[in-house]
Amino acid sequence: MSGESVISVKNLKTYFYSENRCNKAVNGVSFEIERGRTLCVVGESGCGKSVTASSIMQLLPKLSRIEEGEIVYHSETQGDIVLSKLKKNGKEMRSLRGKDIAMIFQDPMTALNPVYKVGWQIMENILQHEDVTKEEARKRTLDLLIQMGIPEPEKRIDQYPHEYSGGMRQRAVIAMAMSCNPKVLLADEPTTALDVTIQAQIFELMESLKKEHNTAILLITHDMGVVSEMADDVIVMYMGNVIESGTAREVLKNPVHPYTRALLASIPILGKGKEQQIEPIRGMTPNPHNRPKGCQFEPRCDFSCDTCRESMPGEEILEGTHMVRCHCWREVPRE
Amino acid sequence: MSEKRNPILTLRNMQVHFPVKGKKAVVKAVDGIDLVVYEGETLGLVGESGCGKTTLGKATLQLIRPTGGEAIFEFADGPQDLRKMSNKELDKARKEMQIVFQDPQSSLNPSFTIFQSMSDPLKKFGVKSKEERRKIVGDLLEEVNMQREYMDRYPTEFSGGQRQRIGIARALLINPRLIVCDEAVSALDVSIQAQVLNLLNKLKEERGLTYIFISHDLSVIEYISDRVAVMYLGKIMEIADADALYQEAMHPYTKALLSAIPVADIDHHKKRILLEGDVPSPMNMPSGCRFHTRCSQCQQICKEKVPEMKTYTIGGREHMVACHFSDEAYRNMEQQ
C-alpha cells in the first residue's frame, strides 16, 4: 500500500466477555486506511469485520474492550491521536466521532431515530461540531440532501424516517456521515439491505465523495463483487484474524490463502452461466469459544498439515504489499 | 430444451390486489401475469424488493388467494384451475406443490423437534405408523446430507445452512412435483449458499423436480435457472432462457439490473446504467409502461400506452419482452 495513511491499526485485540467466557472477536489485526483510497474488509458473518469498525469508532458494547494494540488517527491539524487510549465518551472522542471519523451502518432504519425529523438529525451533527447558526446548518443540510439526490429535498427535510424509502434512508444516513466532511468514512455493509439498483446509486455517491474530498473509506462487505468493484486495497478476515491482504488486484487476481480461494470459488459469477462449478466451503466456522489450536481455518482447509494444527501462521509478504498468513501456501496449486 | 415441453403450471392474467384500510386505493402486488412453467425446469423469478415476487409465489400455491385470473395445474388426472378449488380440495394440490421459505429460523417451530415438525404433513397424507414416518424423515435427512439422528434435535441446535436444508427436506416429504423456493439462499453466508444451491440441483436431477426459484440475486438466478422471468411492479417485463437473457437482454430494465450487479472479476469493466430514484409505489402505479419513470429510453408512447408482451424467436428459442421498443432492440441484435 502506498500513500499517506490516516488511520493505523496495530495488532488490535478486541475481546468480548460473557458468562465467564471470553470471545476473542478481533485477535491481532493490523492495517492502514489511506487518504483517498477504499479499503475493503471481507469475510463471513462472525469474522470480526464489524467489531473492527466499532473499535475504531469506540462504539463497542459494554462487555467488550480493546485488550491490546492501538488505533492511531493521523490528524492533519492535531497530529497523531491514539484513539484506543481515549475515553469512550470523553470530550476528545466525541469531538472526533461524526466530524473526522464518520460511520454508515448496515440497517438505515435502526440508524435513524424514528421520532425525529430526518433533517433535524443531520443538522444535529453539524451544530454539534461546528460553530454555525441554525439557519446555516439547515441550509447545509438541504444542500447535502440535494447532493445525495433525494427528490423534493425541501419537503423531505421535514419528514420522518418512516416516510423515506430504504434507499433514501441510507442516503440520509450517508448525508449525515458526510455532513462535516469527514476524513475517514467507515461503511459497515452499507448496501446489504438494499436492491442492486439502489446499491449502484450508493456506490456512485461514495466514489464521488472519495474523489472530491479525498476521503478514506473503510468498506465492510461479504460480497466479492462489491470488493472487485470498489476496493483499492483488500483485507480478508477469518475468525478475528487478517489472513490475506494487499491491493485488490493482488488479492483477487492471485489469491493465495486457501480460504480466500475457497470464498471466491463458492460464489456464482454473473455471465458464466450454468456451466460454472461452485464449491461450498466444507464444515462451518468454528465456535468462537472453542477455537482450533493452530490456524483457525485448519479444520475446513484442504491443504492443512501438522504445523497448521499446532500453531497460527505468522505474516508473510509475498510481493509488494501482498500479505498472507498460511503455513502451506506454497503447496496450494496455482492456476 | 428443444424437446417437447409439458407445462406443469399455467398462470393466466393472475392478479393479487390488496385493499388498503381506510383508503380507496388498492395495492396491485401482482397485476396480470401470464406465465407457463414447464415440467422439469427451473424458472428463475427475479426483481427488486416490492415487485411482487413473493406474492406471486404464494399466490401460485394459493397461500394467498389470487383476486383474478387462472392458475392451471396439470394433475395426473388432467388440468384443473387452482383458484376454483376449495380449501379442502386444495389438499390434492398441496401434495404436488411445496414451498421453501427465506428465513429458516422462523419457518421451523422452535419448540418442536425436527421429527415433530416433519411428521405432521406425513400424518395428514396417510402415513399412519410412527416407524414408517421416522424412516421417511430419516431417509430425507440423509438425502439432504444430514445425519438421521438429527431428527430428534431442536431447530436452535442447527446452523442457518442446516436449517435451510431441513426446510428443503420438509418440502420434499410428500414427493411434490413443483417446489417454490422463495429467496431460499438469501439469508445464508456465501460459503453455505453454494452448498444449498448444489443440493437443490442434485435433488432436481434425482427426483425430476420443477422449481420456481425466487431471488433478487441475479448471479444466483443465472447459476440455477433454465429460464428467467424479470418482474417489475407486479408485471413481467421479460422472459427468456437464462443464457439468452444474460447475454442479450432486450428490456431496458433488465439491462439496467444486469449492469448494476458488481462482478467478482477485477478485469471486468462495464458501464453501469444508473436507474434514477426508487421503485414507484404499487398503490400509485405510473401510467402506460410502469417502468417509464426510471427508463432512460422513455418516449411519449411509454407514458400513455401499456406495452404488450411480444414473443420473438431468437436462435429457435422463445424470448418474450414487454417494451414498446423491443422491435428496435431485436433489429439491432440481428444486425450484430
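Computed from a predicted structure; not experimentally measured. In what follows, every heavy atom counts, from backbone to side chain, and hydrogens, waters and symmetry copies are set aside. Protein chains get the first letters and strands the later ones, always in sequence-line order, with residue 1 at the start of each.
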Enquirer: Rounded to the nearest 0.5 Å, what separates atom CG in A:Leu194 from atom NE2 in B:His216?
Expert: 10.0 Å
Enquirer: Name the region of B:Tyr246, side chain, backbone, both or neither, that has any atom closer than 4.5 Å to a heavy atom of chain A.
Expert: side chain
Enquirer: Please classify the contact between B:Leu274 and chain A as side chain, backbone, both or neither, with a heavy-atom cut-off of under 4.5 Å.
Expert: side chain
Enquirer: Can you tell which part of A:Ser165 gets under 4.5 Å to a heavy atom of chain B, answering side chain, backbone, both or neither?
Expert: side chain
Enquirer: Quick one: ring pair (Phe, Tyr, Trp, His ring centres under 6.0 Å) partners of B:Tyr253, sequence neighbours excluded?
Expert: B:Tyr232, B:Phe291
Enquirer: Select one option (side chain, backbone, both, neither) describing which atoms of B:Ile224 are under 4.5 Å from chain A's heavy atoms.
Expert: backbone
Enquirer: Quick one: of A:Lys272, A:Arg171, A:Glu279, A:Gln201, who has the most non-hydrogen atom pairs under 4.5 Å with chain B?
Expert: A:Gln201
Enquirer: Which heavy atom in A:Leu270 sits nearest to a heavy atom in B:Leu258, and how many Å separate them?
Expert: CD2-O, 4.0 Å
Enquirer: Out of curiosity, A:Gln277 CD to B:Tyr223 OH, how far, rounded to the nearest 0.5 Å?
Expert: 6.5 Å
Enquirer: Under a 4.5 Å cutoff for heavy-atom pairs, which residue among A:Gln199, A:Met224, A:His222, A:Lys253 has the most contacts with chain B?
Expert: A:Lys253
Enquirer: What are the two closest non-hydrogen atoms of B:Arg294 and A:Ile198, and how far apart are they?
Expert: NH2-CD1, 4.3 Å
Enquirer: Give me the atom names and distance for the closest heavy-atom approach of B:Ala194 to A:Ser266.
Expert: CB-O, 3.4 Å
Enquirer: State the CD1-CD distance between B:Ile261 and A:Glu229, to the nearest 0.5 angstrom.
Expert: 10.0 Å
Enquirer: Which atom names give the shortest non-hydrogen contact between A:Ala200 and B:Ala260, and what distance separates them?
Expert: CB-CB, 4.0 Å
Enquirer: Hey, is NZ on B:Lys28 packed in by over 12 heavy atoms from elsewhere, all under 6.0 Å?
Expert: no
Enquirer: Go through the atoms of A:Ile269 and report whether side chain, backbone, both or neither lie under 4.5 Å from a heavy atom of chain B.
Expert: both
Enquirer: Please classify the contact between B:Ser225 and chain A as side chain, backbone, both or neither, with a heavy-atom cut-off of under 4.5 Å.
Expert: backbone
Enquirer: Examine whether an atom of A:Val226 lies under 4.5 Å from a heavy atom of chain B, and if so say whether it belongs to the side chain, the backbone or both; otherwise answer neither.
Expert: both
Enquirer: Tell me, out of B:Gly47, B:Gly161, B:Ser49, who's got the most heavy-atom pairs with chain A below 4.5 Å.
Expert: B:Ser49
Enquirer: Determine the minimum heavy-atom distance between B:Asp189 and A:Glu44, stating which atoms define it.
Expert: OD2-CB, 3.6 Å
Enquirer: What part of B:Asp243 is in contact with chain A, defined as an atom under 4.5 angstrom from a non-hydrogen atom: side chain, backbone, both or neither?
Expert: neither
Enquirer: Quick one: list whatever passes side chain to side chain contact (heavy atoms under 4.5 Å, CB included) with A:Met176, sequence neighbours left out.
Expert: A:Leu112, A:Gln121, A:Ile122
Enquirer: By a 4.5 Å heavy-atom criterion (distance strictly below it), what part of A:Leu263 contacts chain B: side chain, backbone, both, or neither?
Expert: side chain
Enquirer: Looking at chain B, which one of A:Met168, A:Arg282, A:Glu204 has the largest number of heavy-atom pairs inside 4.5 Å, strictly under?
Expert: A:Glu204
Enquirer: So for atom CD, which belongs to B:Glu206, do other residues, nucleotides or ligands contribute more than 12 heavy atoms lying within a distance under 6.0 Å?
Expert: yes
Enquirer: Report the distance from atom CG of A:Asp195 to atom SG of B:Cys51, rounding to the nearest 0.5 Å.
Expert: 8.5 Å
Enquirer: Do you know which of A:Ile150, A:Ile281, A:Ile278 has the most heavy-atom pairs under 4.5 Å to chain B?
Expert: A:Ile278
Enquirer: For residues A:Gly283 and B:Ile192, report the shortest heavy-atom separation together with the two atoms involved.
Expert: O-CD1, 4.5 Å
